[in-house]
Protein chains: 2
Amino acid sequence: MTSQKSSAGMIAASGRKPADKVAARAPQRERGRARVAALLAAASEVFAENGYDAATMTEIAARAGASIGSLYQFFPTKELIAEALHAQYSDDFAAMLAGLAPRVAGKPGATLADVLFRDLSGFLTAHPAFVVLADRRDIDKKRKKKTHARLRGQIAALLAQADPPIAPARAEALAVIVLHLLRSAVAIAGEDDLPHRAAVLEELRAMLRRHLAAA
Amino acid sequence: MTSQKSSAGMIAASGRKPADKVAARAPQRERGRARVAALLAAASEVFAENGYDAATMTEIAARAGASIGSLYQFFPTKELIAEALHAQYSDDFAAMLAGLAPRVAGKPGATLADVLFRDLSGFLTAHPAFVVLADRRDIDKKRKKKTHARLRGQIAALLAQADPPIAPARAEALAVIVLHLLRSAVAIAGEDDLPHRAAVLEELRAMLRRHLAAA
DNA sequence: GCCTTATATGAGGCTTGGCTCATGTTTTGG
DNA sequence: CCAAAACATGAGCCAAGCCTCATATAAGGC
């Protein structure tokens, strides 16, 4: 699974709960933490396999080896477990981007394209639930905007410090495109009955590379 | 709305129904045809606004000014009305591609990129339900494969007859990419709270143009 | 006019799935 | 060891939504 603490922080801030705003209950004991981890792992599988709507709380609980009541102990709504998972992946993804920054600073655009394409689409492919959750329609607008802005900003920052540096405004636009290209890559990778899958992905990578290589 | 006959043909082939395979009942009288048209138009709106899962048969009927029973008269399942709509859009899209062919034959790749980007993403933006229905997870595998293969083939054919002609194998790969780029374009166009939307779309178009321009 | 077939209607059957709650069991602090 | 808090359990409540059906009404064909 992905990092534990990153999302543990997202679950019910330590102090007072503001009003009675529904939030995930944070586990207090070791057993609880293990449960939460198992539940999140199970949810990740079920969401990835069935999508958000078709995923059922009953199956998530079952796959985690927990009762339905135990699931609701920590995640009072289906929406909340989706949010917790999404926040976790989001943080992990951001962390990966941050780790990438020092390694690619000052490199030419083409190299940047290769690295982004390989590492980021690798992450998304390894965590299909992330894409599912990020794409769902009924996601909270505010949260979505913030998450998206953060990722865009990080990618734009990487692009801005390429060898022939890219102007910030253009880097922002390119970041949006990179994100969409990655989703396409994941979709292509997961498509069944697609001949020459590898060739298509290679072509996609080449396209981005060529575009970033050109000033 | 889109062409009527294209999907009228998809609704319950004229002869015997093979076994008792559930299929949309074809209207026999004028009143019925009007109903079907209204129902499809309503379904298109509701699917586009809410997605397949969240769309309800009750709302589709209401928006068409019909009773729920009347809706089920012509479309015995939710799945069937989705299929009918999707088939209609699919045919219309294919028709548009066919109409494009003579107009772009022998033109350079860059021009082709511009035309494809403008006309096709225009079509998708004008018919958002098409994208929603094409993307839904529980779509019939066989049907999806066929539809996809047809569109890919048509786009590949356009690319193959560009001025410096593109080899068929590569054209097929590029066709897959073009389809995905178009979906990205529609997504970007529909994204709210996205600064510089126009600039992003322009960048996307430029990327495809550059890639197709290079041999 | 009359019979047949197409179309219209909406109350309700029925399943699914999110969620609650009363009743346990385990763990911890003192 | 014991009380309190954390955690576990699963039967079942409940709303939503797909779909059926008995009962109309409109529209041809003769």
Side-chain angles (χ1 to χ4, degrees), chain A residues 8 11-12 14 17 20-40 42-43 46-47 49-85 136-138, chain B residues 8 11-12 14 17 20-40 42-43 46-47 49-85 136-138:
Chain A
I11 298 179
S14 43
K17 357 177 169 159
D20 58 343
K21 207 139 173 56
V22 239
R25 257 70 105 167
Q28 312 285 338
R29 308 231 200 288
E30 205 46 45
R31 186 165 54 138
R33 276 184 279 276
R35 258 283 128 91
V36 165
L39 289 170
L40 286 174
V46 178
F47 282 139
E49 287 169 21
N50 305 76
Y52 179 78
D53 288 321
T56 74
M57 293 296 266
T58 303
E59 179 165 6
I60 291 174
R63 203 169 304 191
S67 67
I68 187 75
S70 222
L71 168 52
Y72 276 94
Q73 177 89 20
F74 296 105
F75 301 102
T77 69
K78 185 180 176 182
E79 171 73 20
L80 278 172
I81 195 171
E83 274 180 21
L85 243 194
R136 114 192 109 102
R137 301 177 74 94
D138 53 335
Chain B
I11 298 178
S14 44
K17 353 173 173 160
D20 58 341
K21 206 137 171 66
V22 239
R25 256 71 103 166
Q28 311 286 338
R29 307 229 202 289
E30 205 47 44
R31 186 165 55 137
R33 276 183 279 277
R35 257 284 129 90
V36 165
L39 288 170
L40 286 174
V46 178
F47 282 138
E49 286 170 22
N50 306 79
Y52 179 77
D53 288 321
T56 73
M57 292 297 266
T58 303
E59 179 165 6
I60 291 174
R63 202 167 307 191
S67 69
I68 188 79
S70 223
L71 168 53
Y72 277 93
Q73 177 87 20
F74 296 106
F75 302 101
T77 70
K78 185 180 178 183
E79 171 73 20
L80 278 173
I81 195 171
E83 274 180 21
L85 243 193
R136 113 192 110 103
R137 300 176 75 94
D138 53 334

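Throughout, protein chains are lettered first and strands after them, A, B, ... in sequence-line order, and every chain is numbered starting at 1.
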Query raised in the report: Below 4.5 Å, heavy atoms only, C-beta onward: do A:Phe74 and A:Leu80 meet side chain to side chain?
Result: no
Requested in this report: Determine whether A:Ser70 and A:Arg35 make a side-chain contact, defined as any pair of heavy atoms from C-beta on separated by less than 4.5 Å.
Outcome: yes
Query raised in the report: Which pair of non-hydrogen atoms, one from A:Pro76 and one from A:Ala23, has the smallest distance, and what is that distance?
Result: CG-O, 3.5 Å
Query raised in the report: For B:Phe74 and C:dT9, what is the distance between atoms CZ and P respectively, to the nearest whole Å?
Result: 11 Å
Query raised in the report: What residues form a ring pair (Phe, Tyr, Trp, His ring centres under 6.0 Å) with A:Tyr52, not counting sequence neighbours?
Result: A:Phe47
Report summary line: In whole angstroms, the gap separating P of C:dA8 from CZ of B:Arg25 amounts to 14 Å
Report summary line: For B:Pro27 and B:Val36, the nearest pair of non-hydrogen atoms, with its separation, is CG-CG2, 3.8 Å
Query raised in the report: Distance from A:Asp53 atom CG to A:Asp138 atom CG, nearest 0.5 Å?
Result: 6.5 Å
Could you go through nucleotides 15-18 of chain C and list every protein N or O atom that sits under 3.5 Å from one of its N or O atoms, giving the distance for each pair?
unit_1: C:dG18; atom_1: OP1; unit_2: A:Ala55; atom_2: O; d: 3.1
unit_1: C:dG18; atom_1: OP1; unit_2: A:Lys78; atom_2: NZ; d: 3.2
unit_1: C:dG18; atom_1: OP2; unit_2: A:Met57; atom_2: N; d: 2.9

Requested in this report: Kindly write out the residues that satisfy side chain to side chain donor-acceptor pair (under 3.5 Å) with B:Glu83, not counting sequence neighbours, or none if the list is empty.
Outcome: B:Arg143
Query - Heavy-atom contact window of chain A on DNA chain D, given 5' to 3' at under 4.0 Å - result: D:dA5 to D:dA11
Query raised in the report: Taking all atoms of both residues into account, what is the closest heavy-atom pair of B:Leu40 and B:Ala84, and its distance?
Result: CD2-CB, 4.3 Å
Query raised in the report: How would you label the contact of A:Gln28 with the nucleic acid (heavy atoms, under 4.0 Å): base, sugar-phosphate, or nothing?
Result: sugar-phosphate
Report task. Mark up nucleotides 24-30 of chain C, 5' to 3', with B wherever a protein heavy atom is under 4.0 angstrom from a base atom, S wherever such an atom reaches only the sugar-phosphate, and - elsewhere. Result -> ---BS--
Report summary line: What residues 61-69 of chain A contributes to the DNA chain C interface at heavy-atom separation below 4.0 Å is A:Ile68
Query raised in the report: If you measure from CG on B:Leu39 to CD1 on B:Ile81, what distance do you get to the nearest 0.5 Å?
Result: 5.5 Å
Query raised in the report: Which residue pairs pass the side chain to side chain donor-acceptor pair (under 3.5 Å) test when at least one of the two sits in residues 54-67 of chain A, sequence neighbours left out?
Result: A:Glu45-A:Arg63, A:Glu49-A:Arg63, A:Glu59-A:Arg63
Query raised in the report: Quick one: CE on B:Met57 to CZ on B:Phe75, what's the gap to the nearest 0.5 Å?
Result: 8.5 Å
Report task. Give every residue pair that meets the salt bridge (charged side-chain N to carboxylate O under 4.0 Å, His left out) criterion with at least one member in residues 70-79 of chain B, sequence neighbours excluded. Result -> B:Glu79-B:Arg136
Query raised in the report: Distance from A:Gln28 atom CD to A:Arg33 atom CZ, nearest 0.5 Å?
Result: 8.0 Å
